[in-house]
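Note that these values count all heavy atoms, side chains included, but never hydrogens, waters or copies made by symmetry. In what follows, chains carry the letters A, B, and so on, assigned in the order in which the sequence lines appear, proteins first and then strands, with residues in each chain numbered from 1.
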Number of protein chains: 2
Amino acid sequence: MDDAFKALDSDKQRRILDSAYKEFSNKGYKQASTNRIAKEAGIGKGTLFYYFTNKEGLFHDLVEEAFCIADEFFLKKVDFSETDFFIRLRQTSELKWAVYQEHPHALSFMARVFIHSDEHNLPDKLLLKRTKAEHVWGSLLTKNIDFSKFRDDIPQETSFNFIRWTIEGYRTELEQRVKMEGIEVFTNQAFEPYYKEFYSYLDTLKKIYYKPEYTNG
Amino acid sequence: MDDAFKALDSDKQRRILDSAYKEFSNKGYKQASTNRIAKEAGIGKGTLFYYFTNKEGLFHDLVEEAFCIADEFFLKKVDFSETDFFIRLRQTSELKWAVYQEHPHALSFMARVFIHSDEHNLPDKLLLKRTKAEHVWGSLLTKNIDFSKFRDDIPQETSFNFIRWTIEGYRTELEQRVKMEGIEVFTNQAFEPYYKEFYSYLDTLKKIYYKPEYTNG
DNA sequence: TTAGTTTTGACCAGTGCGGTCAACGGATGT
DNA sequence: ACATCCGTTGACCGCACTGGTCAAAACTAA
């Protein structure tokens with residue numbers, strides 16, 4: 001990331017970074033094309049290499065920024081003093097949604113870096129970051145959670161996994177639905193019906209996996 | 001698929017077809033490489049094009065065979081007279097597993113053809129097949145099922161979706177776990193512990209989503 | 001006008017693709 | 001021994017696209 005780049009209008013910066021996030025998270029490191037990134041960002045190919053040293057450098061800078069975004073706008077805002085699982089789940093979902101609205105591809109970019117880390121040899125420094133982040137993200141829904149509210153006749157770990165998988169399946173299906181409807185930009189308003197559905201699902205899950213005495217609380 | 005191909009030892013046929021299934025389902029149509037298919041199958045590149053007219057023809061033949069396999073070894077064997085949801089789920093899972101053992105990549109190839117059908121323009125004839133198949137596969141867990149056994153305080157459709165998503169999430173996680181352990185070939189024996197876990201999960205799901213009076217039956 | 005900076009796309013070498021084909025080797029019949 | 005045939009091969013072709021370069025053009029400011 002050249003100094004020249006930082007001196008740009010922040011609009012142009014975002015256009016370029018978002019284009020790159022999108023390309024990398026859709027295609028992976030190797031299949032991502034700097035040509036497409038430049039075209040999508042609406043700049044010449046030469047300009048891209050004027051701002052960034054090369055493809056690898058661009059990727060590196062993206063990782064840096066993505067970690068910053070995740071830290072600043074997500075991780076730091078999670079309220080770990082809340083011990084109720086479903087409130088925590090709801091809060092983290094809302095935070096993720098907020099991040100998504102401002103940086104639509106940064107989080108999925110991070111996820112891709114984590115999952116397919118083998119396809120791009122991360123330098124050791126980033127590997128450390130990755131391991132650390134994996135731990136933090138893994139504890140989002142477990143740290144300081146009061147699992148005693150979960151019903152006794154199912155192992156807590158099983159309940160936890162079932163909920164995780166249900167939510168993830170719902171998220172995937174919702175992604176499909178949204179892609180079908182061809183909605184591109186999400187205002188808070190356009191997303192309201194989806195949120196209603198999501199909250200209703202959360203209530204159902206609570207009814208299923210919490211002890212009866214916690215269900216109507 | 002040339003006549004010459006059909007005249008080969010069935011071992012060689014399988015080696016080639018399986019290699020192609022694997023490549024297409026891992027990489028998709030466009031990214032799949034005939035070079036790699038030939039190399040993995042242990043034959044020269046020229047030989048591949050001696051048996052099949054071209055890449056598209058090979059793909060077409062694979063689709064044909066995959067549909068046949070799915071019909072013959074899976075769909076025809078499903079017992080639709082069984083009305084219990086979890087017995088049906090268990091039966092279809094076991095059938096899929098049996099198919100997987102003989103044709104490890106045929107089913108995932110089919111899934112990929114369905115999901116990413118846009119990335120390869122299917123001819124109309126196949127599109128029809130696809131639509132038909134989509135309907136049949138979609139009804140695997142619904143046709144002639146006695147949904148009255150599901151608990152009343154949760155909409156049946158919600159219960160159904162939650163179970164689907166849970167199973168799918170478990171399947172994905174299991175795939176990851178297996179990939180990590182580096183297991184390549186699965187004997188029935190090597191898979192036994194996984195099956196035990198799976199069945200225990202099914203029981204748990206039954207306890208959750210069935211009315212209490214059906215839980216211990 | 002001039003000097004300096006930003007931006008561009010034609011261009012380069014390299015890679016991998018789908019597909020071809022002259023040549024090779026082994027079996028068979030004479 | 002020779003000729004014929006057929007399954008098989010990998011070097012080879014044209015092509016598409018890649019990451020990266022650079023002289024020239026466009027723009028800005030003095």
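- Salt bridge absent: A/Arg177 and A/Glu181 never bring a charged side-chain N and a carboxylate O closer than 4.0 Å.
- Counting to the nearest Å, the P atom of C/dT20 and the CG atom of B/Asn35 are 14 Å from each other.
- Distance, B/Glu23 CD to C/dG16 C1': 13 Å, rounded to whole Å.
- Residue A/Ser33 places at least one side-chain N or O under 4.0 Å from the OP1 or OP2 atom of D/dG19.
- Nucleotide C/dC17 holds its P atom 9 Å from the NZ atom of B/Lys39, rounded to whole Å.
- For the OP1/OP2 pair of D/dC17 and a distance below 4.0 Å, the side-chain nitrogens and oxygens of A/Arg36 include no atom meeting the criterion.
- Salt bridge absent: A/Arg90 and A/Glu82 never bring a charged side-chain N and a carboxylate O closer than 4.0 Å.
- Checked against side chain to side chain contact (heavy atoms under 4.5 Å, CB included), B/Asp71 has the following partners two or more places apart in sequence or in another chain: B/Leu75.
- Classified by interplanar angle (parallel below 30°, tilted 30° to 60°, perpendicular above 60°), the ring pair A/Tyr195/A/Phe191 is perpendicular.
- Nucleotide D/dT18 holds its P atom 14 Å from the OH atom of A/Tyr29, rounded to whole Å.
- At the heavy-atom level, A/Lys55 lies under 4.0 Å from the strands shown only through sugar-phosphate atoms.
- Residue contacts for B/Lys12: at a heavy-atom cut-off of 4.0 Å it reaches the sugar-phosphate backbone alone, with no base atom in range.
- The pair B/Arg171-B/Glu175 counts as a salt bridge, with a side-chain nitrogen and a carboxylate oxygen less than 4.0 angstrom apart.
- A/Lys30 has its NZ atom 12 Å from the C1' atom of D/dT18, to the nearest Å.
- If you check every strand for non-hydrogen atoms under 4.0 Å, B/Ala32 touches sugar and phosphate atoms only.
- Note on B/Ala7: nothing from the nucleic acid sits closer than 4.0 angstrom, heavy atoms only.
- Closest approach of B/Gly44 and B/Ala38 over heavy atoms only: O-CB, 4.0 Å.
- Taking atom CD of residue A/Glu56 and atom P of nucleotide D/dT18, one finds them 18 Å apart after rounding to whole Å.
- In this structure, the CD atom of B/Gln31 is 12 Å from the P atom of D/dC17, given to the nearest Å.
- Partner A/Phe59 forms a ring-ring contact (aromatic ring centres under 6.0 Å, His included) with one of A/Phe52, A/Phe109, A/Tyr21 and no other, that one being A/Phe109.
- We find that NZ of B/Lys45 is positioned 9 Å from P of C/dG19, with the value rounded to whole Å.
- Shown for residues 46-53 of chain A: residues whose heavy atoms fall under 4.0 angstrom of DNA chain C, namely A/Gly46, A/Thr47, A/Tyr50, A/Tyr51.
- Using a 4.0 Å cut-off between charged side-chain N and carboxylate O, B/Glu64 and B/Lys129 make a salt bridge.
- Under a 4.0 Å N-O distance rule, the pair B/Arg14/B/Glu65 qualifies as a salt bridge.
- Counting only Watson-Crick or G-U wobble pairs whose defining distances are both under 3.5 Å, the stems of 3 or more consecutive pairs in DNA chain D are C:4-27 with D:4-27.
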